[in-house]
Amino acid sequence: DTRDVGQAGNITIEVSGLTELIGTSPPVTASGGVFPSSIVASSSGTGNAGELDVETRNLTVIDGARLDARTVGNGNAGRLDLSVLEDIFISGNTPSGASASGIYYDTSGAGDAGDLEVSASNITLLNSGRISASTSGTGRGGIIDVEADNQLLVSGTSASGRRSGLYFDSSSSGDAQGISVSAFRLDLENGGQLTVDGTGTGSPGDIVVNSNVVTLANGS
């Protein structure tokens, strides 16, 4: 993390087996705020964020936990590279339902976002689980690049109505590059979404899908 002019360091994680991020702290504020279990690389000053690289055989992110790379100042966000040999499983949200389990890559200041690259054999997003990037400032949004050698499955909603999905949102003047998906099969079920959204003057970018089989079912 960097909060001034200095550049943040890098985080490199190499795990030969299973990496798990699970749950949140007990409520720490009167309003019920919690700290999610997380791996975070961030910049909130003029210094640039570092790179977050994770290599593991399997990755599980559930019950509100998150991988998070973000910039909220003038510094540029780093690169988040998640390379999983077998399966990524993301599901659930915090106890209040305010935040979903997921991989987040956001910029809310003048700094530019970088690239979010996710690769695995199978990627499963369930019950509001998400891979998400957004830009809400003047900085340029990055790109979400997701590769699944076998299946990318996006399915289900939380009790509060939050939908599972891959999301890119631009709500200010910063332009984004969008979402690129490459998978042998892409299955969107039970309200699952693959969405770019522009509510400001900036472009949210494009959706590019390269897949042998694409299935849309039950309101997806």
Side-chain angles (χ1 to χ4, degrees), residues 1-3 8-13 15 17-45 49-54 56 58-73 75 77-78 80-82 84 87-109 111 113 116 118 120 123-137 141-142 144 154-169 171-172 190-193 195 197 199:
D1 179 25
T2 177
R3 303 185 184 189
N10 300 324
I11 298 176
T12 302
I13 297 174
V15 179
L18 171 65
T19 300
E20 292 181 304
L21 300 174
I22 302 173
T24 68
S25 69
V28 294
T29 67
S31 61
V34 298
F35 288 112
S37 301
S38 56
I39 301 171
V40 181
S42 67
S43 169
S44 55
E51 294 188 357
L52 173 54
D53 292 306
V54 178
T56 184
N58 292 283
L59 174 68
T60 296
V61 183
I62 59 175
D63 298 337
R66 57 199 291 155
L67 278 85
D68 197 346
R70 61 182 181 265
T71 173
V72 296
L80 196 163
D81 190 351
L82 176 59
V84 177
D87 299 332
I88 295 174
F89 180 79
I90 302 175
S91 179
N93 44 239
T94 57
S96 68
S99 179
S101 306
I103 302 169
Y104 291 88
Y105 201 60
D106 300 332
T107 174
S108 57
L116 168 56
V118 179
I123 301 173
T124 302
L125 308 178
L126 298 180
N127 304 322
S128 79
R130 59 180 52 199
I131 298 174
S132 175
S134 68
T135 174
S136 56
I144 299 178
V154 183
S155 179
T157 62
S158 67
S160 61
R162 190 185 299 272
R163 301 169 73 170
S164 303
L166 284 81
Y167 296 93
F168 211 128
D169 175 56
S171 58
S172 189
N190 305 315
Q193 285 191 333
T195 303
D197 185 26
T199 56

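These numbers come from a predicted model, not from an experiment. For this chain, numbers begin at 1 and follow the sequence in order. Basis for what follows: all heavy atoms, side chains included, without hydrogens, waters or symmetry-related copies.
Contact annotation: the side chain of Ile144 never approaches that of Tyr167 to less than 4.5 Å [non-hydrogen atoms, C-beta and beyond]. For the pair Ile131/Leu125, a side-chain contact is recorded, criterion being any heavy-atom separation below 4.5 Å from C-beta on. Contact of the Asp87 side chain with the Thr124 side chain is not registered, since no non-hydrogen atoms from C-beta on lie closer than 4.5 Å. Asp53 has its side chain out of reach of Asn10: every pair of non-hydrogen atoms, C-beta onward, lies at least 4.5 Å apart. Contact of the Val84 side chain with the Ile123 side chain is not registered, since no non-hydrogen atoms from C-beta on lie closer than 4.5 Å. Here the side chains of Leu59 and Leu82 are in contact, with some heavy-atom distance below 4.5 Å.
The one candidate from Ser99, Ser101, Ser38 that meets the side-chain hydrogen bond (donor to acceptor under 3.5 Å, both in side chains) condition with Arg66 is Ser99.
Rounding to the nearest 0.5 Å gives a distance of 9.0 Å between CG of Leu80 and CD1 of Ile39. Summarising the geometry, atom CG belonging to Leu116 is positioned 12.0 Å from atom OH belonging to Tyr104; distances are rounded to the nearest 0.5 Å. Taken from CD1 in Ile22 to CG in Asp63, the straight-line distance is 7.5 Å, to the nearest 0.5 Å.
The two atoms that bring Ala98 and Arg162 nearest to each other are O-NH2, 2.8 Å, heavy atoms only. Listed here is the closest heavy atom pair of Ser164 and Leu126: OG-C, 3.2 Å. Across all their heavy atoms, Thr24 and Pro36 have their closest contact at CG2-CA, 3.9 Å.
Although no hydrogens or angles enter the test, the distance criterion places no donor-acceptor pair under 3.5 Å between the side chain of Thr60 and the main chain of Glu20. At distances below 3.5 Å, not a single donor-acceptor pair connects side-chain atoms of Thr94 with backbone N or O atoms of Gly64. At distances below 3.5 Å, not a single donor-acceptor pair connects side-chain atoms of Ser160 with backbone N or O atoms of Ser158.
Using a 3.5 Å distance cut-off with no hydrogens or angles, the side chains of Thr56 and Thr19 do pair a donor with an acceptor. The closest side-chain donor-acceptor pair between Arg163 and Thr195, if any, does not fall under 3.5 angstrom. For the residue pair Ser128 / Asn93, a side-chain donor-acceptor distance below 3.5 Å is found, with atom types taken as modelled.
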Before giving the answer on side chain to side chain contact (heavy atoms under 4.5 Å, CB included), spell out for Val61 and Ile103 the whole-Å C-alpha distance, their side-chain angles and the decisive distance to 0.1 Å.
CA-CA 9 Å; Val61 183; Ile103 302 169; 5.6 Å; no

